[in-house]
Amino acid sequence: MQRSDRAERAAIVGGGIAGMAAALFLRRIGVQPVVYEARPAADPDGGAWLNLAPNGGNVLRLLGIDPIAAAGGVRTRGIDFRNAAGRVVGAVDWGADEARYGAANVALKRDRLHRALRDEALRQGVAIEFGKRLLGVESEADGVVARFADGGVARADLLLGCDGIGSAVRRVAFPAAPAPSYRGMVGSGGFVRLPAPLPPSDRMRMVFGRDAFFGSLAAPDGEVWWFSNVPAPDAAGRDAWLALTPAERRAALLERHAGDPEPVPAILRAVEGTPPLWPTSDLPTLPAWHAGRVCLLGDAAHAASPHAGQGASLALEDAAVLARCLRDRPTPEAAFAAFERLRRGRVERIVAMARRTGNQKLPDGRAATWLRDHSLPLFLRMGARSAAEVAAYTVDWEAPAA
């Protein structure tokens, strides 16, 4: 079925990974996108790092983007899990994933992946407007009107909310939708260089510390990529962390990880500047992702906590699937309904999986710690099938959207 002639122009609110990928896929089906980003300018350096799973890598391949060559990614072949004493208590092996799924696991700096997508969008002539903070969305008989804080107005045949877990589109177009749910941890992370460089490794190291969880990767260029998950079970604890000064943040992270095995303390001692902090949250199930000619995708529709390592990959999948639905359905409304039907079950399973993984990170008490250390290999084996199903997902671009 041919795409309706009424859907020629798309307004995309949010210029992150989901928004740029959506713009590129819409261009492919003949829809002209304009991206509206709330930030005043492109952010050259922002965010921490992520692991792009094979399912996400295969979507990038559809766009002709190599995450290693274009975005400076590092191929990762697995994870080693250690306890607070430094003993290996479990491992995940990704060495065969590229042969099995057609794409490797790749660790990426978030801003480099974003930049690669944005550069390709600009190369293809996608218009990007900055400083566009959304105030309202209005439906018309044959389109949508978006109004911005700077007085600007955008009219389009459809509007996509790609503006993340704190989505303004969700807030104004779906006012009854639930708010994000805080998951009891505060995250931090970044990049450092140690006085005595660590040997490069293609395996990530995760540590179940005494008071917090820590992950790191020693990149080939000598830089160490790191993150920390600190328990802060309630809103008061979360807000106390967010209120810390830069010096207090560094001191608090060092204190939480002081008893952990090296190189964790050495990595944190090397941190300069202000360590970023972000509450770990996800999004409860929304009653609907679309209304009329407005549709949410990526974290705006189904944000998972970062414990599953699937946020960017799911956003990329969404962009490809939504474009297929718009290509193969007669109206945007029909396309959005098909998109939600095709995607909801998969993403909600991954949101639940991320919650379970997060609950395993910080057991309470000696008995729980002993049980975790001894049961982790079994837990990883039991989760291997689900992980394989997640990684094996591919978007068949040539096939009609079911």
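Basis for what follows: all heavy atoms, side chains included, without hydrogens, waters or symmetry-related copies.
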Only pairs under 3.5 Å count here: list side-chain donor-acceptor contacts from residues 143-156, not counting sequence neighbours, and write none if there are none.
from: R147; atom 1: NE; to: E138; atom 2: OE2; distance (Å): 2.8
from: R147; atom 1: NH2; to: E138; atom 2: OE1; distance (Å): 3.4
from: D150; atom 1: OD1; to: G152; atom 2: N; distance (Å): 2.8
from: D150; atom 1: OD2; to: K132; atom 2: NZ; distance (Å): 2.9

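Counting all heavy atoms, side chain and backbone alike, L253 lies closest to S228 at CD2-OG, 3.8 Å. Between P33 and A23, the shortest heavy-atom contact is CG-O, 3.6 Å. A pairwise comparison of heavy atoms in A319 and A22 identifies CB-N, 3.5 Å as the closest pair.
Side-chain atoms of D260 come within 3.5 Å of backbone atoms of R210 as a donor-acceptor pair (strictly under, hydrogens ignored). Counting only distance, with no hydrogens or angles, the side chain of D163 and the backbone of V169 share a donor-acceptor pair below 3.5 Å. In this structure, E37 contributes its side chain and G15 its backbone to a donor-acceptor pair below 3.5 Å. For R170 (side chain) and A300 (main-chain N/O), a donor-acceptor pair under 3.5 Å exists by modelled atom type. A donor-acceptor pair under 3.5 Å is absent between the side-chain atoms of D66 and the main chain of A70, judged by distance alone. Of the possible polar contacts, one joining the S188 side chain to the P276 backbone as a donor-acceptor pair under 3.5 Å is found. Remark: side-chain polar atoms of R110 are not paired, donor with acceptor, to backbone N or O of A48 under 3.5 angstrom. Here the side chain of N55 pairs no donor or acceptor atom with the backbone of A392 at under 3.5 angstrom. Although no hydrogens or angles enter the test, the distance criterion places a donor-acceptor pair under 3.5 Å between the side chain of R341 and the main chain of A402. A donor-acceptor distance shorter than 3.5 angstrom exists from the side chain of R61 to the backbone of G102, with no hydrogens or angles considered.
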| message | Checking L160 against L26 for the side chain to side chain contact (heavy atoms under 4.5 Å, CB included) test, could you report, in this order, the C-alpha distance in whole Å, the side-chain angles of both residues, the deciding distance, and whether it holds? | response | CA-CA 11 Å; L160 303 181; L26 290 182; 3.9 Å; yes
E120/L63 under side chain to side chain contact (heavy atoms under 4.5 Å, CB included): CA gap, chis, key distance, verdict: CA-CA 9 Å; E120 181 60 21; L63 294 173; 5.9 Å; no
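Remark: R39 is not positioned above the aromatic ring of F130, lacking an NZ or CZ atom under 6.0 angstrom from the ring centre and at most 45 degrees off the axis. Taking the ring axis of Y182 as reference, the NZ or CZ atom of R238 stays within 45° of it and closer than 6.0 Å to the ring centre.
Atom CD of Q124 sits about 11.5 Å away from atom CG of D119, to the nearest 0.5 Å. Considering CG of L297 and CZ of F336, their distance stands at 9.0 Å, rounded to 0.5 Å. Atom CD1 of I65 sits about 8.5 Å away from atom CG of L316, to the nearest 0.5 Å. Rounding to the nearest 0.5 angstrom, the gap separating the CZ atom in R123 from the CG atom in L24 is 9.0 Å. In this structure, CG on L268 lies 12.5 Å from CD on E255, to the nearest 0.5 angstrom.
Classification of R203 and D80 as a salt-bridged pair holds, one side-chain N sitting under 4.0 Å from a carboxylate O. A salt bridge is absent between R293 and E140: the closest approach of a Lys/Arg side-chain nitrogen to an acidic carboxylate oxygen does not fall below 4.0 angstrom.
Listed by first then second residue, pairs satisfying ring-ring contact (aromatic ring centres under 6.0 Å, His included) with a partner in residues 100-124 number zero, not counting sequence neighbours. Residue pairs meeting the ring-ring contact (aromatic ring centres under 6.0 Å, His included) criterion with at least one partner in residues 232-264, sequence neighbours excluded, are F214-H257.
Partners of A334 according to the side-chain contact (heavy atoms from CB on, under 4.5 Å) rule, which considers only residues two or more places apart in sequence or in another chain, are R329, P330, T331. In terms of the salt bridge (charged side-chain N to carboxylate O under 4.0 Å, His left out) criterion, residue partners of D318 (sequence neighbours excluded) are, by chain and number, R343. In terms of the salt bridge (charged side-chain N to carboxylate O under 4.0 Å, His left out) criterion, residue partners of D202 (sequence neighbours excluded) are, by chain and number, R77. Remark: S305 pairs with no residue by the side-chain hydrogen bond (donor to acceptor under 3.5 Å, both in side chains) rule, at least two apart or across chains. Residues meeting the side-chain contact (heavy atoms from CB on, under 4.5 Å) test with R344, sequence neighbours left out: T285, W289, E340, E348. For R385, there are no side-chain hydrogen bond (donor to acceptor under 3.5 Å, both in side chains) partners two or more places apart in sequence or in a different chain. Under the side-chain contact (heavy atoms from CB on, under 4.5 Å) criterion, A247 pairs with T245, R250, not counting sequence neighbours. Partners of R346 under the side-chain hydrogen bond (donor to acceptor under 3.5 Å, both in side chains) rule, at least two apart in sequence or in another chain, are E317. Every residue meeting the side-chain contact (heavy atoms from CB on, under 4.5 Å) condition with W397, not counting sequence neighbours, appears here in chain and number order: F25, R28, I29, L62, A323, R324, R327.
Shown here is E262, whose CD atom has more than 12 heavy atoms of other residues, nucleotides or ligands within 6.0 Å. By the 6.0 Å contact criterion, CZ on R355 is enclosed, its count of non-hydrogen atoms from other residues, nucleotides or ligands being greater than 12.
Using cut-offs of 30° and 60° for the angle between ring planes, the F191 and W225 rings count as perpendicular.
Between the side chains of T76 and N51, a donor-acceptor pair is found at a separation under 3.5 Å. In summary, the side chains of E98 and N105 do not present any donor paired with an acceptor at a separation below 3.5 Å, with no hydrogens or angles considered.
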